[in-house]
Amino acid sequence: MAGKSKGGKNKGKAQGAGQSVSAEPEVPVADGAEVINPENGEVCDPPAAEGGVADAEKTDGDAPVAAQPGKKPTEAGELHLYPVPVRTQSGEKLELQLSPGDSVIDVKQFLLDAPETCFYTCYDLILHSKDGSTHQLEDYNEISEIADITSGGCSLEMVAGIYDERSIRSHLRRVRELLSLSSLHVSLSTSLALQQESAQGKSAGSEKTVIQELDGLNFMEDSAGALTNLLASAPAEIKCVESIVFSSFNPPPSYRRLHGDLIYIDVVTLEGNKYCITGSSKSFYVNCSDGSILDPKPTKQSLEASTLVGLLQKISAKFKKGFREVLDRRASAHPFENVQSLLPVTSWLGAHPVTEHRRDAARAEESVVLSYGTELIGMQRDWNEELQSCREFPHGNPQERILRGRALYKVTCDFVDAAVKGAVGVINRCIPPINPTDPECFHMYVHNNIFFSFAVDSDYEHIPKDWKPDCQNGATRSTKVSSSGVEAKRDMNHSESTEVSNSISDNSSDASAEAQIADSEQATYASANNDLKGTKAYQEADISGLYNLAMAIIDYRGHRVVAQSIIPGILQGDKSDSLLYGSVDNGKKISWNESFHSKVVEAAKRLHLKEHVVLDGSGNPVKLAATVECKGIVGSDDRHYILDLMRVTPRDSNYMGQEHRFCVLRPELVASFVEAESTKQSTRQKVPDASEESGDQVASTSDAKASSVEGDDKSEESSAPTLEENSNSNAEILFNPNVFTEYKLAGSPEEIAADEELVKRAGTYLLEIVIPKFVQDLCSLDISPMDGQTLTDALHLHGINVRYLGKIAGMIKHLPHLWDLFSAEIIVRSAKHVIKEILRQSADHDIGPAIAHFLNCFVGKVSGASTKGSHGNAQSKTQKGHESSQTQKSTKGQKLNNTAASRKGLSTYSHLKSDGIWSNIKEFAKSKYQFEVPDDARLSAKRVSVLRNLCQKVGITIAARKYNLDASTPFEALDILNLQPVVKHSVPTCTDAKNLMEAGKVRMAEGTLNEAYALFSEAFSLLQQITGPMHKDAANCCRYLAMVLYHAGDTAGAIVQQHRELIINERCLGLDHPDTAHSYGNMALFYHGLNQTELALRHMSRTLLLLSLASGPDHPDVAATLINVAMMYQDASNMNTALRYLQEALMKNERLLGPDHVQTAVCYHALAIAFSCMSLYKLSIQHEKKTYDILAKQLGENDSRTKDSENWLNTFKHREEQVNAQKQKGQGTNASDNAINFLKANPALLQAMKAAAIQSGDGSANVNRSLNAAVVGEGVPRLRGVDERAARATAEARKKAAARGLNVRNGPGSNSASDELAHILKVINSVAAASSTSATANAQQSASEGQATNGPAQNGNASEAKAADTNGPSVKSTGNTPVGLGTTLELKKQKSKQKS
């Protein structure tokens, strides 16, 4: 959608800014060449905004940025927009910028976002064309179908429409929405920029020399106190009216309906007047009712308007003033801050103290009037029909794909929203089951046309002993929970499987114990997860004629509910003939159908599955291309549905045995393996096999010493390919999904053996190549996860299942930050199962106290029977003797709703103690992850990052106050503010946009900025039209656009894009997600590039706060950020503070990575450069020597970075000689002052240095830094203590920058005898603006190294970048990369990739 609205007349300044006026950054293309859009040969354009909002990029919210609103980037090709005047219902005029391809719905959305027209909801649009004819526009028309707006002369007119009951209610809802600012999500960055702008206005004369130190370093250690700073205070509400509620005169009597009355509204204005308003089909007017009798006559003719807002403005002056303020407030926000996210992220922190809960009649009305769930009775949506119809949309050309993608995305998001509400209703027992006579845990529910069933967590006891016939104590315990319900519940083909499974459970005597285990496992969490993955895989394969169900998994209050759309006809009547394919009875009878099979074969090719033959229970061969247990069903709509896709990838040969029945390989690993095998085959003749070599190499260094910096590009790339990379050359590598299962395979023993061998090879590939390579990347900081979420994303991206956490943890013990991260993740995942067990047994009134008690046991030290907030109770104390693990296990088969305990009056949690909880956690970690939880783990759990991870995984919201985590009971029941559902879903992704982004990353690495800009802009435009701007892929596009603009020298434009990314990340990922932290870091570097150092430091302060919450203070990314902060202070001539930050960074890196890591070398280099700025050349030489020694040891003396270090060393020596010579002449006294003044006078130089520092900041660089520090610490006299270390860090940072490419470019000059500053100046001149750019970019990288977490989206490139960077943390600047772009981008990409 390309339209934008231009601000109307006489709007206030703020409004004009926030209006949909797009301040599009200048396109960074120097040569006015048009860029051809690769898809369709048309010229493509910078991002168009959805709904006008996105497009309306605001200049002044991005504050100090000088964005030029009027400029149109012609160079990169525009999506051409034409001005069309619009006459509103009130006679005002405004102008929209429209594209001929915009639909009428798009135009209405633009009008809904423009301040002048935001309160009009019911109107018709009339188009007046050039020749004088008028056309009434229908919603789904495209403007180009009606008239040609390109020639000018067209205008639009809004004509009041006729209200009906539905539209008048939505009008009222829109008015309430506009009057509330709760939907406005103002980012801290926007507020900081606006504050800075106003401060600059007041003190125009003062210079930046007064920059104070914003935050002491010690605040990093106090992350518990940081909780209070995460949430911004809510914006003050602007009151326009006392209340607007439905009148108790509703509904209108029949005789008034005949006169058009639709609704009566009671309004109390701020002046204290009460009005009864009639909403009729034509307008709103004040009627004469007073008291309890309706008098429908209008009071005065003048008190009538076509909208409620218009009427309220007439009857209340205070409303008019307040409404103007509300619009101004909205307009002063960034347009993206007004856009609602379709999949909002939940926060683990809530405001403290809790805000007062005030009376609000409108809110009460909405909650009571709406039915349970999303839709009113009689308005239920047929989710399945909507979804399948959208899938059937044509998708031959880009425009059709956009329409189809938008429809699919919207329907799926709406389905997820409805599924979450329904699942909460099911768990809270608000929705009755459809099979009330079955045991409770097998109940199934239908609500709002969605089918809900429970998945039982048999993961808690890794092997369900209760099923084993020889298990005396368990046999009676859970026999009821036999597979009956499990299958019934998990399978969507409700009717068949219910019958089948019941028959199985009735005859359980003759079913083998093995089969029972298998059946019980079917309903586990694992099978639900796998089913969702399988559904996504078939969805992406997108085979015409083969349909999936919409699906979501909701975890809430300890239960897991699976929500699915309903196959038409399956719940009505006998559909025994509807099963066309697969088996409902574990392979005894296997159905088969030719047309169904042909479709499944087509999908199987894309999923690397083999067509093979299995034997059914009677020994008949059946040819399948999927697993036996999947089911192909024909619905009453004659569509072919495939369900129960628990194993679309083969079994994991490293986890065999019945208890691991659902341990399958990840699709990413299968794609990676297939690619590696095919490259192996294709390269066999030409070159020795690269990936095999790298595999051996990696395996040999499986202890993953940090020294193994060199990685093999090929195996790296193959570790994260997408499923789409299935070229024909890979076609012969197909897996049989039914090997290593209980089903009998037909075919020759050789064929079966070959199939098994292939699956085993994939398992070996995972163990011997992928995991060691992953570990190597972790150690070199090419992948730098910061918290549990980014760690999980990184594992999945590389095709590694989370069950390998324990194995990988054993390989990275030598790096403290990784050991902490992995052990904390395993502990949190184990604790999650323990707390879910407690929640399942807690009555509704005990949930808050139970969570508080558990957190006290987990973090504190609970040994008594009751704690604050827990209702202790004699019976529960007496039964305490048993280990709580026993209690918990025995509850396995209890009723899901666990009301039994509450009826007896016991609180089920009050007997729990810290020791019992921790023994359960250790037991679970041992069985699930083969991980021995260390004894000191309870101490390491007293960290905010661990608490955050646990709250996010369980859906807990706690008060954002300072907790004393060392107390025995840090939490009270009142600290638990909410328990929210945690959702997994199958919302589709936009592959076209991802492909454009991958292409853009390649162009960016090659240095063709204009092409990269065009590709990223087109990707962003696509995403805006399909998903809207609130999507993490859109954020990635913005980040890349910011980098391209920055490298092209347009820092202001880069800030505009980076600000967009920051807002999207805050809304889609969370306020304290590591990607959000890196967004703040990048904003800081860009602001610093505009010499707005104070604003930059405020953003850096926020970055450090967020990183301390996500990872705690001990992480290489934190050290990298500290170096960036130090560079900023250094540029502001605050050398003391800079040295303290550098010293802290150096100590961190030494501690975390060791003295010989390349990253440590980078630290030393930064320090050397810092000391040289202070004319302390002796220290510079010491530190640079340390740098050189580490690089020579790790990379060899011939590596370009080692040589650069040597050049710097020579430069420092020259400079020292010169200073000594000057001293002899008596001129050396104020050398350091001269140096500082010189730097002040040459901001470009400063930037180059900063860049250098930044470069040193990238992940690997950080590592080097700390290593250097460590080394220096040992080898250098410590007389100067702080200064020396700090200096080292600075120099090292610089060095790293240099290593990244700055020095490389400067290298030759460094041997010259000119003094070092002159030398740097010369370098800077030679690099010109590019150097400063690269500096920042490098800085960014350093920040971004943490950012790699953004990786998943970026991963493809990232992998390339990373491959480029694997040779060493300091990115080698390659000769052919463009000066301004090359190395930094690579670094950044690498980082991102690693992160991902």
Side-chain angles (χ1 to χ4, degrees), residues 209 211-221 1088 1093 1096-1097 1100-1101 1104 1113 1118-1151 1160-1184 1186-1187 1208 1212 1231-1240 1245-1246 1249-1250 1252-1254 1256-1257 1261-1262 1264-1266 1268-1273 1276-1297 1316-1317 1320 1339 1342:
T209 46
I211 290 178
Q212 300 298 317
E213 183 171 351
L214 293 177
D215 269 303
L217 278 171
N218 56 338
F219 95 103
M220 277 298 290
E221 309 299 327
H1088 188 54
T1093 307
L1097 283 168
M1100 272 301 184
S1101 166
L1104 285 171
V1118 174
T1121 307
L1122 292 178
I1123 288 193
N1124 290 338
V1125 175
M1127 294 306 139
M1128 291 178 185
Y1129 280 119
Q1130 191 170 313
D1131 293 355
S1133 306
N1134 188 340
M1135 293 304 291
N1136 289 340
T1137 308
L1139 288 177
R1140 281 183 38 227
Y1141 275 90
L1142 285 170
Q1143 178 193 17
E1144 179 70 15
L1146 182 54
M1147 293 192 314
K1148 269 193 205 307
N1149 274 334
E1150 283 186 309
R1151 184 169 72 246
T1160 312
V1162 175
C1163 263
Y1164 285 140
H1165 177 65
L1167 280 164
I1169 289 185
F1171 285 133
S1172 74
C1173 291
M1174 302 170 75
S1175 300
L1176 301 170
Y1177 294 106
K1178 273 203 166 61
L1179 290 173
S1180 293
I1181 292 167
Q1182 281 177 352
H1183 288 83
E1184 194 57 51
K1186 209 66 182 153
T1187 308
W1208 278 104
F1212 294 147
S1232 62
D1233 294 347
N1234 293 343
I1236 287 175
N1237 294 335
F1238 177 82
L1239 284 173
K1240 277 189 194 167
L1245 169 55
L1246 273 179
M1249 296 175 122
K1250 167 177 140 208
I1254 287 164
S1256 55
N1262 296 353
N1264 303 350
R1265 266 173 250 141
S1266 45
N1268 285 103
V1271 178
V1272 175
V1276 176
R1278 299 193 179 210
L1279 301 176
R1280 298 188 56 109
V1282 175
D1283 289 339
E1284 206 175 283
R1285 301 188 72 139
R1288 283 174 214 144
T1290 316
E1292 203 214 318
R1294 292 288 158 76
K1295 158 169 205 175
K1296 172 177 186 181
E1316 190 223 347
L1317 284 177
I1320 296 182
S1342 59

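Reckoned from all heavy atoms, side chains included, excluding hydrogens, waters and symmetry mates.
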Nearest heavy-atom pair of [X] and [Y]: which atoms, and what distance?
{"X": "Met1128", "Y": "Ala1096", "value": "SD-CB, 3.9 Å"}
{"X": "Ala1145", "Y": "Ala1119", "value": "CB-O, 3.6 Å"}
{"X": "Lys1148", "Y": "Pro1113", "value": "NZ-O, 3.1 Å"}
{"X": "Ser1172", "Y": "Tyr1177", "value": "O-OH, 3.5 Å"}

Would you mind listing every salt bridge (Lys or Arg N to Asp or Glu O under 4.0 Å) that reaches into residues 1161-1177, with sequence neighbours excluded?
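Residue pairs with at least one partner in residues 1161-1177: there are none.
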
Residue pairs passing the salt bridge (Lys or Arg N to Asp or Glu O under 4.0 Å) test where at least one lies in residues 1161-1171, sequence neighbours excluded
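Every pair satisfying salt bridge (Lys or Arg N to Asp or Glu O under 4.0 Å) with a residue in residues 1161-1171: there are none.
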
Rounded to the nearest 0.5 Å, what's the gap from [atom1] on [X] to [atom2] on [Y]? Could you check?
{"X": "Trp1208", "Y": "Ile1169", "atom1": "CH2", "atom2": "CD1", "result": "4.0 Å"}
{"X": "Leu1179", "Y": "Gln1182", "atom1": "CG", "atom2": "CD", "result": "5.5 Å"}
{"X": "Cys1173", "Y": "Gln1130", "atom1": "SG", "atom2": "CD", "result": "5.0 Å"}
{"X": "Asn1134", "Y": "Leu1139", "atom1": "CG", "atom2": "CG", "result": "9.5 Å"}

Residue pair Tyr1129, Leu1097: steps toward the side-chain contact (heavy atoms from CB on, under 4.5 Å) verdict:
CA-CA 9 Å; Tyr1129 280 119; Leu1097 283 168; 3.6 Å; yes

Does a salt bridge link Arg1140 with Glu1144, judged by any charged N lying under 4.0 Å from a carboxylate O?
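A salt bridge is absent here (no side-chain N lies under 4.0 Å from a carboxylate O).
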
